[in-house]
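I have placed the structure first, in the form of structure tokens, so that the comments after it can refer back to it.
Proteins get letters first, then strands, A, B, ... in listed order; numbering begins at 1 in each.
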There are 2 protein chains.
Amino acid sequence: MQISEVAKEFGLTTDTLRYYEREGLIGPISKGENGIRNYTEEDIKRIQFVKCMRAAGLEISFLKRYLQLFEGGDKTVKERREILVEQRKILKEKLDAMQEAYNRLNYKIDLYDKNILDKKLM
Amino acid sequence: MQISEVAKEFGLTTDTLRYYEREGLIGPISKGENGIRNYTEEDIKRIQFVKCMRAAGLEISFLKRYLQLFEGGDKTVKERREILVEQRKILKEKLDAMQEAYNRLNYKIDLYDKNILDKKLM
DNA sequence: ATATCACTTAGAGTTTACTTTAAGTCAATA
DNA sequence: TATTGACTTAAAGTAAACTCTAAGTGATAT
């Protein structure tokens, strides 16, 4: 699979895919004789994982570290678990903050819908 | 209330509070003869709103626009509602993406806990 | 054959949201 | 009196994550 197809499939730009590769999040992607990247199914799965985690706001540096540990095999399992737990905690806190803001927006919109033009911000 | 107290109460730095003011998200905060900011209850409420929305990832530019409309009074109600709805949509999409990542992390951690050392990323 | 298009690289530039710096005022304490 | 600490300003600097530019290769369409 060529870079533009992968980009299209995931809604990323080719620049971003090359950037992720440079940063060590994916690949190195193997290239044909022409020097053109050819993404395997394994590569695709990894991009899927990265995209999911990036969409949730997990940092490149964390993903890089995690994926490098993954390459390291079974002896890295303990550390891998630790950093996943750490990231889950960070994510949970963000989720809660976002849920609060979401509820607040809902409440406010509801007031507008009911034509309650209060002077309060919230 | 002085800037350092406000900063402490909200877990922001004084730099950030002055930055928000510069950007027109809050204030202008009235100052005593000495030129020192004195935050009113109204200011505090606004900071609370801004903090909540920023924690959820809403952009400074949006908050600025919304709060300026707010200053504009009742004639801005329609537009205010519109941009709240727009932001809610963006927020909902982020929330869903984050929930998905959260579930995925949970699942993965669960596998580690069960000592299922699979070779798959996810 | 020439133009267009997808790909390649290294490296510079951009955006957002702060954060730090430098230089200063003012009040209180050692 | 000297220094410590909180405040002030304008402006420069930083970090993260892209995003774009310039210069080039190679295959296909007119």
Side-chain angles (χ1 to χ4, degrees), chain A residues 1-40 43 46-47 49-68 87 90-91 94 97-98 101, chain B residues 1-40 43 46-47 49-68 87 90-91 94 97-98 101:
Chain A
M1 211 177 181
Q2 233 167 262
I3 195 164
S4 60
E5 301 173 90
V6 179
K8 201 176 172 189
E9 181 164 329
F10 288 104
L12 298 168
T13 67
T14 56
D15 287 311
T16 301
L17 284 170
R18 279 187 288 253
Y19 166 67
Y20 284 172
E21 188 176 346
R22 258 197 325 277
E23 291 298 309
L25 265 63
I26 53 174
I29 307 299
S30 69
K31 294 168 188 174
E33 291 179 23
N34 43 16
I36 291 181
R37 286 173 180 77
N38 183 36
Y39 291 79
T40 67
D43 295 329
R46 188 138 161 172
I47 291 163
F49 176 74
V50 167
K51 211 221 155 169
C52 176
M53 294 301 147
R54 282 294 304 131
L58 275 72
E59 287 178 15
I60 300 275
S61 60
F62 152 74
L63 292 171
K64 182 176 177 174
R65 182 150 153 263
Y66 179 71
L67 293 167
Q68 279 169 353
Q87 292 297 316
I90 294 169
L91 188 48
K94 268 198 230 159
M98 287 174 71
Chain B
M1 213 175 178
Q2 231 168 264
I3 195 165
S4 59
E5 300 173 271
V6 179
K8 201 176 170 188
E9 181 164 327
F10 288 104
L12 298 167
T13 66
T14 57
D15 291 310
T16 301
L17 284 170
R18 279 185 289 252
Y19 166 68
Y20 284 171
E21 188 176 344
R22 255 194 332 273
E23 292 297 309
L25 265 64
I26 53 174
I29 308 299
S30 69
K31 293 170 189 173
E33 291 179 21
N34 43 16
I36 291 180
R37 285 172 181 77
N38 183 35
Y39 292 80
T40 67
D43 295 328
R46 187 137 162 175
I47 291 163
F49 176 74
V50 168
K51 212 221 154 167
C52 177
M53 294 301 148
R54 282 295 303 131
L58 276 71
E59 286 177 16
I60 299 278
S61 61
F62 151 75
L63 292 171
K64 181 176 177 174
R65 182 150 154 263
Y66 179 71
L67 293 167
Q68 279 170 354
Q87 291 298 315
I90 295 169
L91 187 47
K94 267 198 232 162
M98 287 174 70

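- Between B:Y20 and C:dC18 there is a side-chain N or O to OP1 or OP2 distance below 4.0 Å.
- Here the side chain of B:R37 is nearest to one of D:dT9, C:dA17, C:dT8, namely D:dT9.
- Note on B:S4: a side-chain N or O is less than 4.0 Å away from OP1 or OP2 of D:dC7.
- Distance B:K51 NZ to C:dA17 P: 16 Å, rounded to the nearest Å.
- Rounding to the nearest 0.5 Å places CD1 of B:I90 at 8.5 Å from CZ of B:F62.
- Phosphate proximity of D:dA16 to A:R54: absent, as no side-chain N or O sits under 4.0 Å from OP1 or OP2.
- Side-chain N/O atoms of A:R22 include none lying less than 4.0 angstrom from OP1 or OP2 on D:dT19.
- The phosphate of D:dC18 has neither OP1 nor OP2 within less than 4.0 Å of any side-chain N or O from A:T13.
- A donor-acceptor pair under 3.5 Å is absent between the side-chain atoms of B:N38 and the main chain of B:K31, judged by distance alone.
- Remark: P of C:dC18 and CD of B:E23 are 10 Å apart, rounded to the nearest angstrom.
- Regarding B:I3, its CD1 atom lies at a distance of 11 Å from the C1' atom of D:dA6, rounded to whole Å.
- Toward the 5' end of DNA chain D, the nearer of the two residues A:N34 and A:D15, judged by each one's closest nucleotide, is A:D15.
- Atom pair A:I90:CD1 and D:dA16:C1' shows a separation of 15 Å (rounding to whole Å applied).
- A donor-acceptor contact shorter than 3.5 Å is absent between the side chain of B:E23 and the backbone of B:I60.
- Among all heavy-atom pairs drawn from B:A97 and A:A56, the shortest one is O-CB, 4.3 Å.
- Nucleic acid contact for A:R18: base, since at least one base atom lies under 4.0 Å from a heavy atom of the residue.
- Between C:dA6 and A:Q2, no contact under 4.0 Å exists linking OP1 or OP2 to a side-chain N or O.
- To the nearest 0.5 Å, atom OH of residue B:Y39 and atom CD1 of residue B:I26 are 5.0 Å apart.
- Put simply, CG on B:L25 is 14 Å from P on C:dT16, counting in whole angstrom units.
- Contacts of B:E59 with the nucleic acid, taken as non-hydrogen atoms under 4.0 Å apart, involve only primed sugar atoms and P, OP1 or OP2.
- Atom pair A:Y19:OH and C:dA10:C1' shows a separation of 16 Å (rounding to whole Å applied).
- Considering only side-chain N and O atoms, A:K31 lies under 4.0 angstrom from the phosphate OP1 or OP2 of C:dT9.
- What separates CD of B:E33 from P of C:dT25 is a distance of 18 Å, to the nearest Å.
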